[in-house]
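Have a look at the structure below, then the notes.
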Amino acid sequence: MLEIKEQFLADLQNAPSSEAVEQVRIKYLGRKGVITTLAKNTDFSKLSPEEKRTFGAKLNELKNFAEEQLASAKDAASTRNLGAKKSTGLDLTLPGTGRTLGALHPITLIQMELEAIFQGMGFMVIPSPECELEYYNFDAVNTPADHPAREMQDTFWMTNGMLLRTQTSANQCRTMEKYGVPLRAIFPGRCFRNEAVDPSHENTFYQCEGLVIDKNISVANLIAVMKTLLSEIFHRDVVVRLRPGFFPFVEPGFELDVRCLLCDGEGCSTCHGSGWIELIPCGLVHPRVLEYGGIDPNEYSGFAFGAGLTRLAMMKFGIPDIRLLNAGDVRFNEQFPAFVP
C-alpha cells in the first residue's frame with residue numbers, strides 16, 4: 001500500500017487542471033481503480049484473522065487519504081483556472097480605479113516655484129553639498145575664527161573636521177571660483193544649526209541663497225529683485241520693511257521683514273507677537289568675499305540674499321508651526337498639491 005500511496009501522490013502532483021485531477025481519481029478510486037480493486041486482488045485465504053483486520057484498516061485509511069487529497073487538489077486547480085480566466089480578460093491599457101493624486105512637501109513646492117521665478121530672471125540654479133568644509137562655510141564668507149557662529153552650540157561639527165553647513169552662503173565662493181563674473185545664481189538647500197526648537201525655529205531648515213555680481217551693482221538692484229520675488233511667490237501685495245542688519249559677508253547688510261501673513265501683523269506665536277517675520281537677510285557683497293572668490297572688488301560689486309524656504313512655505317500655506325514640516329506625517333503632506341500652481 002505504501003508504494004500505491006507514493007505513486008498516487010506523484011500522479012496528483014503532476015495534475016495541473018481539474019480534468020487531470022479527475023483522471024487521477026478514476027485511476028485510483030474508479031470502479032476499476034487501483035485502490036478500489038485492491039481488496040479483490042488480495043487472497044484473504046492466506047491471511048490470519050489479525051492480518052485481515054490490519055489490512056482492512058489500512059485500506060480504509062488509504063481510501064480516505066486519497067479522497068481528501070483529491071478534494072484539495074480539485075479546489076486548487078479550480079482556483080488556478082479561475083485566475084487564468086480573469087487574467088486573460090485583463091486590459092492593462094485601461095485606466096485604474098480608485099486613483100488618488102499624490103502630494104509634494106510644501107518646502108518642495110516653494111523651492112520649485114522659487115527656482116522657476118529666478119530662472120525667469122536669468123539666474124542659474126546650482127546645487128551645493130550639505131556636508132561642508134570649514135573654509136567655504138566660514139572663512140570664505142568673511143566669518144573669522146572668533147565669530148559666534150563657530151561656537152559648538154551653533155554648528156554641528158563632524159569628527160573629520162568637516163561640518164553640516166549652517167547656511168547656503170557656503171556656496172558663494174565655490175560658485176565664483178567656478179563661473180567667474182558676471183554672475184547670477186541661487187543655491188537652494190537644507191541647512192543645520194544646533195539650536196532650540198520652537199514654533200518658528202528648527203535645527204534643520206531650508207534656505208535659498210542668491211548671488212549677483214556684475215559692474216555697477218547697487219542697493220537699488222537688490223530691492224528690485226526682492227520686490228519681484230515676493231510679488232511672484234505670494235501672488236499678492238505684501239508689506240515689507242528694510243532695516244539695518246549685520247552679516248559678515250555683506251556690507252552694508254539689511255534685514256528684509258514681511259508683515260506676518262498668518263495674523264496680518266496683529267501678533268501670533270509664529271511672529272512672537274511682533275507682527276513681523278524675518279524673511280530675507282541681504283546686502284551688498286563684502287569686498288573681502290569677492291577677493292576670496294578671485295574677483296577684483298574695485299571693478300565688480302554685487303548683492304547676496306538668503307531667502308528662508310521654510311518660512312516662505314509657512315507664510316504662503318498658512319502653516320502655524322515650523323515643527324509640522326519635519327514631523328513626517330503623511331496627513332500633513334496630503335493637504336498640499338502635487339504641482340506648482
Side-chain angles (χ1 to χ4, degrees), residues 106-126 167-169 171-172 175 181-189 191 200 205-247 249-268 270-271 274-286 289-290 300-319 340-341:
I107 292 179
T108 301
L109 289 169
I110 285 291
Q111 180 174 332
M112 293 170 64
E113 188 170 4
L114 216 63
E115 290 177 359
I117 292 171
F118 278 111
Q119 285 175 327
M121 292 190 287
F123 282 69
M124 296 184 293
V125 179
I126 302 176
Q167 54 199 2
T168 49
S169 309
N171 205 34
Q172 285 190 18
T175 304
V181 288
L183 177 64
R184 278 184 287 185
I186 60 170
F187 327 119
C191 301
S200 59
F205 55 97
Y206 289 78
Q207 286 184 343
C208 180
E209 181 80 8
L211 181 64
V212 173
I213 301 175
D214 207 337
K215 294 182 178 180
N216 302 318
I217 295 295
S218 67
V219 175
N221 301 114
L222 167 62
I223 295 175
V225 171
M226 294 298 97
K227 285 185 175 180
T228 302
L229 166 64
L230 292 174
S231 63
E232 291 287 337
I233 198 71
F234 289 117
H235 303 288
R236 56 180 284 193
D237 293 331
V238 295
V239 179
V240 299
R241 70 181 183 185
L242 198 64
R243 56 186 173 85
F246 171 75
F247 308 99
F249 41 87
V250 291
E251 179 60 38
F254 307 100
E255 284 277 11
L256 189 146
D257 301 339
V258 60
R259 179 180 290 174
C260 183
L261 301 180
L262 298 176
C263 64
D264 199 25
E266 295 183 1
C268 64
T270 301
C271 63
S274 68
W276 296 90
I277 295 289
E278 298 177 7
L279 198 60
I280 305 179
C282 53
L284 298 184
V285 179
H286 197 290
V289 175
L290 293 174
Y300 291 92
S301 59
F303 65 83
F305 58 88
L309 295 182
T310 301
R311 291 188 178 178
L312 280 173
M314 294 175 68
M315 292 294 98
K316 184 177 178 67
F317 296 112
I319 301 170
V340 178

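Computed from heavy atoms alone, side chains included, the values below leave out hydrogens, waters and symmetry copies.
- To the nearest 0.5 Å, atoms CZ (R259) and OG (S274) are separated by 11.5 Å.
- In this structure the side chain of M124 reaches within 4.5 angstrom of the side chain of L183, judged on heavy atoms.
- The closest side-chain heavy-atom distance from I217 to V212 is below 4.5 Å.
- Nearest heavy atom pair, residue P188 against residue T168, reads C-CG2, 4.5 Å.
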Determine, step by step, whether I280 and L230 satisfy the side chain to side chain contact (heavy atoms under 4.5 Å, CB included) criterion, reporting the C-alpha distance in whole Å, the side-chain angles of both residues, the deciding distance to 0.1 Å, and the verdict. CA-CA 10 Å; I280 305 179; L230 292 174; 4.2 Å; yes

Are L309 and L114 close enough, and set up right, to give a side chain to side chain contact (heavy atoms under 4.5 Å, CB included), and what steps lead you there? CA-CA 9 Å; L309 295 182; L114 216 63; 3.2 Å; yes

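- With R184 contributing its side chain and D214 its backbone, the two residues share no donor-acceptor pair below 3.5 Å.
- With 3.5 Å as the limit, one finds no donor-acceptor pair spanning the side chains of Q167 and E209.
- When all heavy atoms of I117 and I233 are compared, the pair lying nearest together is CD1-N, 3.9 Å.
- Note on ring orientation: taking the six-membered ring where Trp is involved, the planes of F123 and F305 are perpendicular (angle over 60°, cut-offs 30° and 60°).
- Separation of atoms CE (M314) and CD1 (I277) is listed at 7.0 Å; rounding is to 0.5 Å.
- Nearest approach of R311 to E278, heavy atoms of both residues: NH1-O, 3.0 Å.
- Counting all heavy atoms, side chain and backbone alike, C282 lies closest to V250 at O-CG2, 4.0 Å.
- Looking at heavy atoms from C-beta onward, L211 lies in side-chain contact with F187 at the 4.5 angstrom threshold.
- In this structure, L312 CG and Q111 CD are separated by 11.5 Å, a value rounded to the nearest 0.5 Å.
- Of all heavy-atom pairs spanning W276 and C271, the tightest one is O-CB, 3.4 Å.
- Side chains of I107 and F205 form no contact here, defined as non-hydrogen atoms less than 4.5 Å apart.
- Atom NE2 of H286 and atom CD of E251 lie 5.5 Å apart (nearest 0.5 Å).
- Side-chain contact between V181 and L290: absent, with no pair of heavy atoms (C-beta onward) separated by less than 4.5 Å.
- Here the straight-line distance linking atom CG of L229 with atom CZ of F118 works out to 4.5 Å at 0.5 Å rounding.
- The closest side-chain heavy-atom distance from I110 to F317 is below 4.5 Å.
- Side-chain contact check for S301 versus V285: every heavy-atom pair is 4.5 Å or farther apart.
- Under the 4.5 Å side-chain criterion, counting only non-hydrogen atoms from C-beta, L242 is in contact with I223.
- Shortest non-hydrogen contact noted between C260 and C268 is SG-SG, 3.8 Å.
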